[in-house]
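Following: one structure in structure tokens, then a few remarks.
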Amino acid sequence: MQYVEDPLTEDEMDELAALLEELPSDDAMSLEMVDGYFAAIIAGPEHPPASEYLPRVYGFEPGDETPPFEDAEKSARIAELLQRHWRTMAAQLFRLLEKDEVYVPIMAEDEEGNALGNEWAAGFLIGTELRPHAWQELYEDDSRDGLLAPMLQLAHEHDPDPERRTPPISPQRRAALLDEMAWNVTLINRYYADHRLTGGKPREPFRREGGKVGRNDPCPCGSGKKYKRCCGAAAH
């Protein structure tokens, strides 16, 4: 399936982030969580209808038709912005089925410009919950279960349950996990590509012939900037 890309401008991205923060439900997602959530759904085995996945963004159960806001115009606007971001992500991941580059997540940064990735990883895992049986196949595949490892580590870093909480993550380890997580989205997308098209078994993962382009690596265009600040950012 081809998707028409209609990326949000920086102002529209800020507008979407503000609307998400205004949502009345305590279970509503942040922009970072939405990006991870959409990534899991788009890269995963099936693409459910918006009526199923959007309510979860608003803090409702899948399929709940309750408007996110009492204001009808505001409800329509947040749905429009979310669906445009979905199409942009889907178009980018479609291109990366054969292009040896990494998906660049939208993640909030601290005062020093470092991304943490916890909310993005949590959003991704929520996305897998929409089709748990299909994702279980990846969990049970011993040769590929590591594709979800960075998401699980980051999502549970601050888990209130000490049994599920992962050990403290150093800045160096976090940077490595973020790069691995972004690259694994691309690999998961390729893993499930045939499943989405035919409903059959996933194809073999894409085999890299050269080195991968990580989010913090020099951009292959030769600009001298990091990939996430150059061509990787262009998609957003």
Can you tell me how far [atom2] of [Y] sits from [atom1] of [X], rounded to the nearest 0.5 angstrom?
X: Asp27; Y: Tyr58; atom1: CG; atom2: OH; value: 15.0 Å
X: Leu96; Y: Thr186; atom1: CG; atom2: OG1; value: 5.0 Å
X: Gln153; Y: Thr166; atom1: CD; atom2: OG1; value: 6.5 Å
X: Leu54; Y: Gln83; atom1: CG; atom2: CD; value: 5.5 Å
X: Ile169; Y: His158; atom1: CD1; atom2: NE2; value: 7.5 Å
X: Leu147; Y: Ile188; atom1: CG; atom2: CD1; value: 5.0 Å

Please check this pair: side chain of [X] against backbone of [Y], looking for a donor-acceptor N/O pair closer than 3.5 Å.
X: Arg84; Y: Pro7; result: yes
X: Glu80; Y: Arg77; result: no
X: Ser75; Y: Pro67; result: no
X: Arg190; Y: Leu97; result: yes
X: Asn184; Y: Leu187; result: no

Derivation of the side chain to side chain contact (heavy atoms under 4.5 Å, CB included) call for His85 and Ile106:
CA-CA 11 Å; His85 186 51; Ile106 292 178; 3.6 Å; yes

Could you walk me through whether Leu178 and Arg174 pass side chain to side chain contact (heavy atoms under 4.5 Å, CB included), step by step?
CA-CA 6 Å; Leu178 294 179; Arg174 185 180 305 279; 4.3 Å; yes

What's the shortest heavy-atom distance between [X] and [Y], and which atoms?
X: Ser30; Y: Leu20; result: C-CD1, 3.9 Å
X: Ala50; Y: Pro55; result: O-CD, 3.7 Å
X: Glu32; Y: Ala108; result: OE1-N, 3.1 Å
X: Ile126; Y: Met29; result: CG2-CE, 3.8 Å
X: Pro62; Y: Leu130; result: CG-CD2, 3.8 Å

Is it the case that one hydrophobic cluster holds both [X] and [Y], taking links as side-chain heavy atoms less than 4.5 Å apart, direct or via other members?
X: Leu116; Y: Leu125; value: no
X: Val57; Y: Phe60; value: yes
X: Met89; Y: Met13; value: yes
X: Leu152; Y: Ile41; value: yes
X: Ile42; Y: Leu8; value: yes

Results of side chain to side chain contact (heavy atoms under 4.5 Å, CB included) for Asp161 - residues two or more places apart only
Asp159, Glu163, Arg164

Measure up the Trp120 and Phe124 rings against each other and bin them: parallel (under 30°), tilted (30 to 60°), perpendicular (over 60°).
parallel

ring-ring contact (aromatic ring centres under 6.0 Å, His included): which pairs involve residues 23-42, sequence neighbours left out?
Phe38-Tyr53, Phe38-Trp86

Evaluate side chain to side chain donor-acceptor pair (under 3.5 Å) for Thr66 paired with Asp64, printing each intermediate quantity in order.
CA-CA 6 Å; Thr66 306; Asp64 191 332; 2.6 Å; yes

How about Asp35 and Tyr103: does a side-chain donor come under 3.5 Å of a side-chain acceptor?
yes

Test side chain to side chain contact (heavy atoms under 4.5 Å, CB included) applied to Lys74 and Glu22, step by step:
CA-CA 10 Å; Lys74 189 178 288 188; Glu22 287 183 41; 2.8 Å; yes

Would you mind reporting whether Leu81 and Glu12 have side-chain heavy atoms less than 4.5 Å apart?
yes

Would Glu129 and Arg56 pass as an ion pair if we require N to O under 4.0 Å?
yes

With a 4.0 Å cut-off, would you call Arg95 and Glu101 a salt bridge?
no

What's the verdict on side chain to side chain contact (heavy atoms under 4.5 Å, CB included) for His156 and Asn118, showing C-alpha distance, side-chain angles and the deciding distance?
CA-CA 8 Å; His156 295 295; Asn118 304 102; over 6 Å; no

